[in-house]
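Below you'll find the structure, written out as structure tokens, and then a few comments.
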Amino acid sequence: MKLTELIQKNKSILLYFLCSAFSAVLETGLLYFFNIAFPPLKNQIVLANTIAVFISASIHFVLTSKLVFHIKTSVASVSAYLVTFFIGLGIQSGVLWLAYEKLLPQLVASTSLRTLCSKALSLAASFFITYFLRKYINAQINKREGSTNA
């Protein structure tokens with residue numbers, strides 16, 4: 001299979017990955033800032049992450065709605081995003097806490113590096129689950145809206 005065919009076949013997940021990567025960089029930068037440099041949230045990893053996630057999720061929703069799932073902003077699409085968002089947030093927070101507090105302290109002494117490693121693990125853990133949930137739910141929304149607009 002040629003590279004262009006492979007890209008075209010997987011265009012949806014590749015675009016989702018690019019939108020997610022952009023949001024993840026923004027989210028990680030915000031987490032780093034909040035957890036390391038912002039005194040009220042210093043060393044409050046889960047709270048700092050939650051705030052960063054909410055900010056980047058707003059941007060992620062707009063990007064993926066338009067570029068990946070081709071859905072209009074509606075109560076159904078926002079609700080679907082929010083449900084999958086909270087599932088992803090739960091996965092991220094659990095993995096982030098486990099990695100930062102339990103798995104990495106013995107391996108990584110630097111708080112900054114431990115923050116970044118924990119964030120990377122948490123993003124990887126939630127990426128595929130939320131993508132496939134959103135793909136399925138948004139297909140159902142598009143199908144329903146397509147049949148009511150016909």
Side-chain angles (χ1 to χ4, degrees), residues 1-71 73 75-142:
M1 183 179 277
K2 293 181 182 177
L3 181 60
T4 54
E5 291 173 2
L6 186 63
I7 290 171
Q8 192 60 34
K9 182 179 177 185
N10 296 296
K11 183 179 177 183
S12 178
I13 197 166
L14 291 172
L15 281 172
Y16 187 82
F17 174 78
L18 291 173
C19 293
S20 297
F22 172 76
S23 296
V25 169
L26 173 64
E27 188 175 305
T28 302
L30 289 169
L31 170 62
Y32 185 83
F33 170 74
F34 290 146
N35 191 50
I36 305 299
F38 189 64
L41 295 176
K42 190 171 178 73
N43 297 320
Q44 299 293 321
I45 187 80
V46 173
L47 181 58
N49 182 65
T50 302
I51 294 168
V53 166
F54 273 99
I55 293 168
S56 70
S58 300
I59 294 167
H60 189 262
F61 170 74
V62 171
L63 291 174
T64 60
S65 293
K66 303 298 178 205
L67 300 174
V68 179
F69 300 118
H70 310 289
I71 56 171
T73 301
V75 172
S77 66
V78 171
S79 297
Y81 190 88
L82 287 174
V83 167
T84 57
F85 167 80
F86 283 111
I87 291 168
L89 181 60
I91 293 165
Q92 275 197 40
S93 293
V95 172
L96 185 82
W97 175 82
L98 183 65
Y100 187 85
E101 297 290 340
K102 301 296 179 188
L103 300 176
L104 295 177
Q106 297 82 7
L107 302 173
V108 181
S110 165
T111 302
S112 297
L113 185 56
R114 191 164 72 232
T115 298
L116 293 175
C117 291
S118 299
K119 185 62 179 175
L121 289 171
S122 73
L123 288 170
S126 68
F127 174 80
F128 287 106
I129 293 170
T130 56
Y131 170 76
F132 287 111
L133 279 172
R134 288 175 180 157
K135 182 178 178 178
Y136 174 78
I137 293 168
N138 286 319
Q140 300 306 309
I141 292 169
N142 279 337

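All values derive from a computational prediction rather than experimental measurement.
- Take Gln140 and apply the side-chain contact (heavy atoms from CB on, under 4.5 Å) test, not counting sequence neighbours, and it matches Tyr136, Lys143.
- When all heavy atoms are compared, the tightest approach of Ser77 to Ile71 is CB-CD1, 3.3 Å.
- With values rounded to the nearest 0.5 angstrom, His70 atom NE2 is found 10.5 Å from Thr64 atom OG1.
- Sorted by first and then second residue, the pairs that involve residues 48-60 and meet side-chain hydrogen bond (donor to acceptor under 3.5 Å, both in side chains), not counting sequence neighbours, are Ser20-His60, Glu27-Ser56, Asn49-Lys119, His60-Tyr81.
- For Leu116, the side-chain contact (heavy atoms from CB on, under 4.5 Å) criterion is met by Thr28, not counting sequence neighbours.
- When all heavy atoms of Val53 and Gln92 are compared, the pair lying nearest together is CG2-OE1, 3.7 Å.
- Leu18 pairs by the side-chain contact (heavy atoms from CB on, under 4.5 Å) definition with nothing, not counting sequence neighbours.
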Throw together a table of side-chain donor-acceptor distances under 3.5 angstrom for residues 95-113, partners on residues two or more places apart or in other chains.
residue : atom : partner : partner atom : Å
Ser110  : OG   : Ser112  : N            : 3.4
Ser110  : OG   : Leu113  : N            : 3.2
Ser112  : OG   : Tyr32   : OH           : 3.4

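- Scored by the ring-ring contact (aromatic ring centres under 6.0 Å, His included) test, Phe86 finds no partners at all (sequence neighbours excluded).
- Note that CG of Leu67 is 5.0 Å distant from SG of Cys19, once rounded to the nearest 0.5 Å.
- Nearest heavy-atom pair, Ala80 versus Ile137, reported as atom, atom and distance to 0.1 Å: CB-CG2, 3.3 Å.
- In this view, Val78 and Phe61, Thr73, Leu82 satisfy the side-chain contact (heavy atoms from CB on, under 4.5 Å) rule, not counting sequence neighbours.
- Under a 3.5 Å cut-off, the side chain of Ser93 and the backbone N or O of Gly90 do not form any donor-acceptor pair.
- With sequence neighbours excluded, the residues that form a side-chain hydrogen bond (donor to acceptor under 3.5 Å, both in side chains) with Thr115 are Asn35.
- A ring-ring contact (aromatic ring centres under 6.0 Å, His included) check over residues 37-59, counting only residues at least two apart or in different chains, returns the pairs Phe33-Phe38, Phe34-Phe38, Phe54-Phe85.
- Side-chain contact check for Leu14 versus Ile7: some heavy-atom pair is nearer than 4.5 Å.
- Counting only residues at least two apart or in different chains, salt bridge (charged side-chain N to carboxylate O under 4.0 Å, His left out) contacts with residues 51-70 are absent.
- Residues meeting the side-chain hydrogen bond (donor to acceptor under 3.5 Å, both in side chains) test with Thr84, sequence neighbours left out: Arg134.
- Leu89 CG to Ser126 OG: the interatomic distance, rounded to the nearest 0.5 Å, is 9.0 Å.
- If you take CD1 on Ile51 and CG on Leu41, they are separated by 4.5 Å, rounding to the nearest 0.5 Å.
- Contact annotation: the side chain of Leu31 approaches that of Ile45 to within less than 4.5 Å [non-hydrogen atoms, C-beta and beyond].
- Rounded to the nearest 0.5 angstrom, Phe69 CZ and Tyr131 OH are separated by 6.0 Å.
- Between Leu123 and Ala24, the shortest heavy-atom distance links the atoms CD1-CB, 3.5 Å.
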